[in-house]
Chemist: 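So that we are looking at the same thing, I have put the structure below in structure tokens.
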4 protein chains.
Amino acid sequence: MNNHSPRKKASRSAKSPGAGKRASAAEPNGSGKRERILDAAVRVFAQEGFYNAKVSQIAHVAGVADGTIYLYFKSKDDLLISLFEDRMERVNDNLRAALAAETSACDRLRRVVRLHLELVESNRPMAEVISVELRQSSKFIREYANPKFAEFLRLIAGAIAEGQEAGELRPDLDPQLLARSLFGALDEIALAWLVKGPKHTNDKMDLSHAAKQLGHLFIDGLKARPKE
Amino acid sequence: MNNHSPRKKASRSAKSPGAGKRASAAEPNGSGKRERILDAAVRVFAQEGFYNAKVSQIAHVAGVADGTIYLYFKSKDDLLISLFEDRMERVNDNLRAALAAETSACDRLRRVVRLHLELVESNRPMAEVISVELRQSSKFIREYANPKFAEFLRLIAGAIAEGQEAGELRPDLDPQLLARSLFGALDEIALAWLVKGPKHTNDKMDLSHAAKQLGHLFIDGLKARPKE
Amino acid sequence: MNNHSPRKKASRSAKSPGAGKRASAAEPNGSGKRERILDAAVRVFAQEGFYNAKVSQIAHVAGVADGTIYLYFKSKDDLLISLFEDRMERVNDNLRAALAAETSACDRLRRVVRLHLELVESNRPMAEVISVELRQSSKFIREYANPKFAEFLRLIAGAIAEGQEAGELRPDLDPQLLARSLFGALDEIALAWLVKGPKHTNDKMDLSHAAKQLGHLFIDGLKARPKE
Amino acid sequence: MNNHSPRKKASRSAKSPGAGKRASAAEPNGSGKRERILDAAVRVFAQEGFYNAKVSQIAHVAGVADGTIYLYFKSKDDLLISLFEDRMERVNDNLRAALAAETSACDRLRRVVRLHLELVESNRPMAEVISVELRQSSKFIREYANPKFAEFLRLIAGAIAEGQEAGELRPDLDPQLLARSLFGALDEIALAWLVKGPKHTNDKMDLSHAAKQLGHLFIDGLKARPKE
DNA sequence: CATGAATGAGCATTCATTCAT
DNA sequence: AATGAATGAATGCTCATTCAT
């Protein structure tokens with residue numbers, strides 16, 4: 001997606017718009033190296049953590065030479081950031097589609113919860129990177145330099161705001177704050193599962209069960225309601 | 001000659017010079033060095049992040065020699081972990097007191113929220129370390145090696161369970177899961193504030209306001225209720 | 001797969017694509033690429049210094065692909081050496097012509113001085129490469145691998161020897177040594193000017209003035225004095 | 001001489017004036033590591049050239065760990081510069097003493113020549129570093145950042161100026177320019193000897209012979225001639 | 001107990017060179 | 001001939017940890 005022309009000081013957010021660069025013939029970039037590197041990076045970052053991950057290991061896993069990574073990314077930092085942007089973009093695309101597929105705000109929230117936990121379950125490495133490393137790098141990356149995460153929150157906040165306008169959700173709570181809280185809760189559950197989920201496949205840590213409970217929690221709250 | 005086994009996670013078991021530390025009151029150290037080191041560590045870890053923090057900087061801030069740190073802590077890792085345990089213990093003590101001071105489950109939950117956000121507001125460095133570094137180091141530290149955090153969650157889950165037994169809270173949600181979700185939400189809000197709060201002192205990021213909203217959210221849920 | 005024997009001084013023997021180069025007039029290359037590369041090399045070497053100059057930058061300045069340089073030169077080292085030989089050949093040609101144009105040994109020496117300093121003034125990059133990089137690479141390049149510089153000295157020494165035989169210059173000094181000394185002095189003056197000349201265009205650093213003074217210095221020391 | 005207190009961001013030209021820093025006891029720096037590193041550096045730089053010299057090799061030759069070098073010098077560059085300053089200081093001290101020991105300007109100049117060539121002969125590595133590397137690094141180091149070399153020239157120029165004032169030397173030549181020329185000639189002769197001297201111990205390259213000839217060359221050019 | 005100079009393994013990054021196209 | 005993406009060896013520098021004093 002990010003269209004790099006190696007050796008040209010790979011600058012993040014390059015994204016040369018005019019596609020097909022040279023005359024017309026082959027695009028030697030073809031082999032999808034950038035993608036292979038990103039895939040390798042998720043795995044290695046997830047397994048080792050950003051700081052303990054070695055660039056050479058990523059290169060090895062990606063099946064390229066160490067130096068090749070620097071044709072596509074400015075630095076190890078840039079690799080992490082590019083990874084976030086790339087993956088979050090996918091997450092956001094999925095989220096948008098999911099939100100559009102539902103009609104009521106409540107359904108949308110339940111969907112968000114389910115979607116996120118399914119993602120975690122189906123793509124552990126990616127989830128670990130997003131949950132752990134994203135936060136680790138937060139202070140200097142997140143909203144500041146990570147518009148994709150901001151967009152993620154905005155999508156959720158938007159769904160909430162719509163629900164409020166439609167009278168479906170109570171209007172006295174700040175959508176931004178709610179979106180954040182929802183994400184925080186989801187992320188924490190995800191992390192717990194990531195940390196000890198795969199080993200103890202007990203009921204309590206079952207993610208789809210957690211999704212249902214979180215849905216209840218956010219939609220209805222904790223308070224016991226005599227009859228509703 | 002130099003007997004290094006570097007880069008290999010030293011296993012925890014600090015051995016403070018003054019032997020049996022926490023237990024009794026005696027701490028025959030040289031004037032509370034351990035405490036000074038911990039205080040320095042919070043500040044430095046908060047400012048630089050664990051991996052970018054230099055042991056020598058911590059020593060400098062603490063006003064001790066580099067080597068002295070290793071008289072109190074086995075390694076940099078151990079320093080971080082000890083820091084968590086030490087600080088979380090205080091947090092848990094506060095939490096216990098706060099919970100005991102309230103009578104209803106709802107009040108307790110609101111109190112938890114308020115307590116946590118007040119902590120964040122009043123002690124930024126400590127909050128940053130807990131929010132950011134705790135997670136960063138999560139995969140290999142948290143539950144596994146951080147009983148104090150587990151206890152934190154247990155305290156909250158306990159309050160919820162009590163509320164459920166008393167019929168005050170709905171009984172169909174897992175207290176553990178709820179405790180986690182609550183902490184996740186709190187932590188996320190805290191992080192957002194830590195990242196950009198101090199500069200933009202706008203209403204929306206006001207933590208006491210956030211505390212109220214979070215209280216509503218968890219107690220009552222999002223769904224609009226015609227009249228209650 | 002990649003057959004590297006890197007970092008090992010490639011032995012000289014460029015093999016320009018158009019085969020037998022210098023000899024005849026024919027140079028069937030694609031539009032004087034070799035020359036363009038050499039021109040780019042002087043500029044880049046002068047600006048960055050040999051070790052800091054990047055082959056890719058030279059290629060860029062020359063308007064050719066990185067790989068193309070290796071069609072004309074065996075290695076970066078070879079490029080530097082070829083550059084010396086090429087430029088020194090011109091210098092020697094000029095020198096020969098200048099010497100032939102004068103009749104007395106004294107005039108010849110003055111001419112040598114003037115010629116060199118004029119060259120420096122009119123072609124800074126080339127002068128920098130000769131002054132700085134030539135010496136830098138001296139130990140393994142100069143006499144040993146740089147017959148063109150040896151020839152340069154020989155031309156001057158020859159003029160001196162002739163003057164001695166003709167009774168115009170005192171015969172007790174070694175022409176080789178004198179030639180070297182003259183070049184050393186010239187080169188040092190040139191370097192001083194190169195380093196801070198262009199900025200401070202004050203009288204003292206004026207090169208034509210320096211030429212006159214150097215003439216006096218060397219001539220009056222060399223000239224045979226019938227009666228003293 | 002340069003009084004470093006390791007780990008404190010070794011800054012060039014530190015030279016803490018108050019000597020004996022800590023209370024009174026031992027100065028653990030004692031082993032003369034800084035000097036050993038400088039000695040190793042001269043040898044290695046001389047043999048390999050600055051750019052080809054490896055810091056680890058210098059450390060090895062000095063008998064210290066790689067990291068130790070960075071306790072005394074900020075970087076490889078700083079090591080080179082410190083080396084110049086340190087060695088040039090000695091050279092200047094010798095020069096001052098030599099100039100003071102002579103009474104006439106002519107004797108002083110002859111002495112300068114002899115002194116320099118003797119230095120070259122007796123301390124090849126140091127001479128190579130000064131002759132070759134000094135120039136190599138010229139553009140950004142020499143007068144600009146190398147006051148010691150400027151001082152060297154000033155000493156010589158001073159001797160010449162004195163001679164001019166005393167009527168011993170012709171007054172129409174710029175002392176600065178002459179000092180430069182003298183150094184240039186000396187340096188060039190030295191370089192020639194360094195490059196092929198040790199192997200071919202023929203008469204022509206004999207440095208003491210060269211010294212005499214250079215003396216004649218410069219003196220007879222400089223000396224004021226009452227009647228000519 | 002304390003010190004801080006010394007250690008040295010470890011790693012991100014560069015860049016000359018190659019070779020498939 | 002020309003290209004330029006890919007290579008991967010090579011190295012300056014950092015910093016947690018130790019240990020002689």
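Owing to the predicted nature of the structure, the values given are computational and were not obtained by experimental measurement. Throughout, a chain's letter reflects where its sequence line sits, starting with A, and its residues are numbered from 1.
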Chemist: Taking the nucleotide of DNA chain F with the nearest heavy atom to each, does C/Gly67 or A/Val64 sit closer to the 5' end?
Modeler: C/Gly67
Chemist: Can you measure D/Phe73 atom CZ to E/dA6 atom P for me and round it to whole angstrom units?
Modeler: 12 Å
Chemist: May I ask you to evaluate whether C/Thr68 reaches the phosphate of F/dT3, defined as a side-chain N or O under 4.0 Å from OP1 or OP2?
Modeler: yes
Chemist: Would you mind pulling out the nucleotide paired to E/dG4, Watson-Crick or G-U wobble, both distances under 3.5 Å?
Modeler: F/dC19
Chemist: Would you kindly give the NZ-to-P distance between B/Lys33 and E/dA2, to the nearest whole Å?
Modeler: 4 Å
Chemist: Expressed in angstrom and rounded to an integer, what is the separation of D/Tyr51 atom OH from E/dT14 atom P?
Modeler: 16 Å
Chemist: Compare every heavy atom of B/Leu38 with every heavy atom of B/Leu79, then report the nearest pair and how far apart it is.
Modeler: CD1-CD2, 3.9 Å
Chemist: Rounded to whole angstrom units, what separation is found between the CG atom of C/Asp66 and the P atom of F/dA2?
Modeler: 14 Å
Chemist: What's the NZ-C1' distance between A/Lys76 and E/dC11, to the nearest Å?
Modeler: 8 Å
Chemist: If the test is side chain to side chain contact (heavy atoms under 4.5 Å, CB included), which one of A/Asp39, A/Val42, A/Ile37 qualifies with A/Leu83?
Modeler: A/Val42
Chemist: Give me the atom names and distance for the closest heavy-atom approach of B/Ser75 to B/Tyr70.
Modeler: CA-CE2, 3.9 Å
Chemist: Would you mind reading off the distance between C/Glu48 atom CD and E/dT14 atom C1', rounded to a whole angstrom?
Modeler: 15 Å
Chemist: Rounded to the nearest Å, what distance is computed from the CG atom of residue B/Leu79 to the P atom of nucleotide F/dT17?
Modeler: 10 Å
Chemist: Indicate yes or no for a side-chain donor-acceptor contact from C/Ser82 to the backbone of C/Asp78 under 3.5 Å, with no hydrogens or angles considered.
Modeler: yes
Chemist: For A/Ser75 and for C/Val55, locate the closest nucleotide of DNA chain E by heavy-atom distance; then report the residue assigned to the nucleotide nearer the 5' terminus.
Modeler: A/Ser75
Chemist: Which nucleotide in the set F/dT14, E/dA12, F/dA5 lies at the smallest distance from any side-chain heavy atom of D/Tyr70?
Modeler: F/dT14
Chemist: Do the numbers put D/Lys76 on top of the ring of D/Phe50, so that NZ or CZ is under 6.0 Å from the six-membered ring centre and no more than 45° off the axis?
Modeler: yes
Chemist: Rounded to whole Å, how long is the line connecting atom CD1 of A/Ile37 with atom P of F/dG8?
Modeler: 14 Å
Chemist: Taking for each residue the nucleotide of DNA chain E with the nearest heavy atom, is it B/Ala65 or D/Ile69 whose nucleotide lies nearer the 5' end?
Modeler: B/Ala65
Chemist: Return no unless some side-chain N or O of D/Tyr72 is found under 4.0 Å from OP1 or OP2 of E/dA6.
Modeler: yes
Chemist: So if I take every side-chain heavy atom of C/Lys54 and compare against E/dA16, F/dA2, E/dT7, which nucleotide ends up nearest?
Modeler: E/dA16
